[in-house]
Amino acid sequence: MRVDVRALGACNRLAEQGAKQAAGALSDLTGTDLAVEVTGASVASGEDLAESFAGRESIGVSVGLRGGLDGEAVLAFDAVNADALLSLLPGGGSMERSAVTEVGNIALGGFLDGWANYLGKAIDMTPPRYFEADGAAVLPDGALAGDGVFLFESRLDATTTDLDFSIYMLPDSGPFRDLIVGKTAPAATAGGEANGGTTSTAVPYESLSTFSSLAKEGSANAADNIAMMTGLETSVDVSRLRFVPLADVPAEVGTEPHAGTVFELQGEPSGYLAILFEESSAAAVADAMLPMDPNEPLGDMAENALCELGNVMTSGFIDGWANVLGTTITHSPPEFVHDIGASTISPLVAKLSERQDYGFVIDTAIRTEGIQARCDVYALPDERELARALDRLSES
Amino acid sequence: MTRSLSDDRPDDPAGNTGSDGDAVADAEPAAVTGGAAADDPGRIKVGVGELAVTSDDAILTTSGLGSCVAVALADERAGVRGLLHAMLPAGDGRTTAVSRPAKYVDTGIDSLIAALDDAGADPRRLEARVAGGAEMLDLTDAVGPRNVERVGEVLDAAGVPIVASDVGDAVGRTVRFGPNGRLVIRAADGFERAI
């Protein structure tokens with residue numbers, strides 16, 4: 001059985017449209033403008049998910065789904081944002097539970113309308129259940145059990161108020177698998193036409209879980225290399241591979257100034273890799289690496305240090321990929337960037353957009369003991385070449 | 001509860017379900033605001049590969065321009081403005097140029113002019129302000145300058161004069177386009193200038 005990554009893309013767009021509906025419903029209810037910032041589909045193992053949700057407290061509602069789609073959908077707010085949400089609602093904070101339940105119900109209803117339309121089948125929602133949850137308990141039942149579950153995640157952002165929340169939908173893997181496989185043929189044909197070629201982006205279903213290994217292996221290697229180079233104890237915080245519209249990537253990086261390095265990858269797959277630190281983190285890391293205090297926080301000396309660090313991290317990353325995929329990948333020399341985060345990544349996204357609309361983004365936060373620093377790694381491989389490598393892997 | 005079907009189920013999974021009064025991508029040509037509360041002119045965020053049009057006092061913003069280019073068009077007499085955030089120079093007949101015209105400079109400017117026309121602007125009175133198109137990286141063969149060049153060609157062909165621009169170099173930019181018709185550009189260090 002084969003799954004086309006473009007079919008995943010279609011589902012992702014559906015999730016995005018659903019999230020827009022949810023945002024619209026909530027905007028009407030609260031009188032506050034809400035915008036969908038990012039929608040991503042991830043294929044992750046239960047273990048990865050548990051890790052990435054550790055330490056978060058959430059409130060929200062969940063509903064069970066039957067009919068056109070089986071599974072569960074959850075709308076969750078970070079508990080720290082709950083007050084901001086409640087202050088927006090008619091009746092204020094006096095009716096916390098019922099207000100959150102009502103909001104969740106309306107938003108999830110909006111979210112599922114889009115899917116019902118696409119599937120041509122009604123989706124039945126069970127009555128909403130209010131919950132307060134620690135860590136990964138927020139995720140739909142069953143998310144932690146599987147080894148390769150689909151999770152759709154949208155982040156909504158209030159344009160005038162500090163409030164964001166997520167919608168997670170976890171379709172039952174079996175039926176959902178049938179669904180995306182069912183859509184594979186037309187999606188693949190459309191993709192072929194668009195690019196005037198017959199290059200396939202279909203990969204065996206089983207290979208989808210290999211995506212997670214890519215993220216993990218690469219990040220762990222990068223962290224090891226930092227530790228070797230700096231002597232600092234280094235750990236990987238979060239490592240997840242998501243499938244997102246490329247146009248959303250700059251918004252995800254955000255408008256805060258960032259510094260870091262960018263690389264072009266050659267081989268199977270080719271693509272780009274960007275390692276971005278917020279300014280304070282960049283300065284702290286460079287400071288820790290330099291034998292003496294730099295003259296200026298992010299001047300030439302710091303630039304050299306960050307390039308060197310970027311080099312070893314990138315080597316670690318692509319070695320990890322090459323191991324998993326059994327291919328050879330090389331990288332260009334580092335190019336230093338220091339500007340608005342979204343601006344630094346926009347040319348990479350533009351270049352890749354000439355060939356594809358979606359990208360695999362690897363979220364990795366690498367934490368170094370003793371200094372307050374974290375960075376995000378954006379790995380943007382060519383989807384056809386990645387699909388081809390995964391396909392070959394499953395045949396061998 | 002049952003989520004019911006609408007009669008016009010789209011074949012395209014993207015559907016056509018963008019929320020009202022917001023920046024939109026995909027097949028919808030543009031959003032026109034007008035529903036915002038009277039005392040709050042509102043902000044409309046225009047994402048990458050999106051465009052938006054307003055005929056009220058809303059501030060159109062787009063952030064994190066690197067090699068991407070922002071094209072701000074206004075018909076001051078009609079009080080109609082629009083902002084495009086395009087990523088690549090030319091659609092070249094790609095299918096995404098139809099489904100998401102604002103991704104490309106050429107199809108994006110055409111869509112923006114059409115949307116302004118629909119909102120009551122006279123295309124012959126439009127004036128353009130352009131920002132972005134930076135050369136952020138050596139790795140990505142001058143996509144920024146190519147975007148800027150294409151903007152000049154397409155606006156010229158449409159007969160729309162460029163009255164001001166802040167393009168090129170290796171700097172990121174965030175812009176906002178308010179009712180006074182000036183484009184305010186902010187760099188990473190917080191420095192602002194209006195053109």
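So that the names make sense, note that chain A is the first sequence line, chain B the second, and so on, each numbered from 1.
Residue contact with chain A, scored on non-hydrogen atoms closer than 4.5 Å, involves the side chain of B/R146 exclusively. If you measure heavy-atom distances from B/A134 to chain A, you find no contacts under 4.5 Å at all. Residue contact with chain B, scored on non-hydrogen atoms closer than 4.5 Å, is absent for A/F336. For A/P347, the parts sitting under 4.5 Å from any heavy atom of chain B are the backbone and the side chain alike. Using a 4.5 Å cut-off between heavy atoms, A/E335 touches chain B through its side chain atoms alone. Of the two parts of A/V262, the backbone and the side chain both hold a non-hydrogen atom closer than 4.5 Å to a non-hydrogen atom of chain B.
Here OG1 of A/T255 is found 8.5 Å from CZ of B/R186. Values are rounded to the nearest 0.5 Å. Note that CG of B/L137 and OH of A/Y272 are 8.5 Å apart. Values are rounded to the nearest 0.5 Å. Between atom CE of residue B/M87 and atom NZ of residue A/K351 there is a gap of 12.5 Å, rounded to the nearest 0.5 Å. Going from atom OG1 of B/T174 over to atom CD1 of A/I340 covers 4.0 Å, rounded to the nearest 0.5 Å. Here the CD-CG distance, from A/E264 to B/D138, works out to 11.5 Å after rounding to the nearest 0.5 Å.
The nearest pair of heavy atoms linking A/A350 to B/S67 is CB-OG, 4.2 Å.
Two residues are said to be in side-chain contact when any heavy atoms from C-beta on lie closer than 4.5 Å; A/D339 and B/M136 meet this criterion. B/L88 has its side chain within reach of A/S353: a pair of non-hydrogen atoms, C-beta onward, lies under 4.5 Å apart.
Contact count against chain A (heavy-atom pairs under 4.5 Å) is highest for B/L65 among B/N147, B/L65, B/V143. Between chain A and the options B/G132, B/G64, B/G66, the largest number of non-hydrogen pairs under 4.5 Å is found for B/G64.
With salt bridges taken as basic N to acidic carboxylate O contacts below 4.0 Å, none links B/R100 and A/D357.
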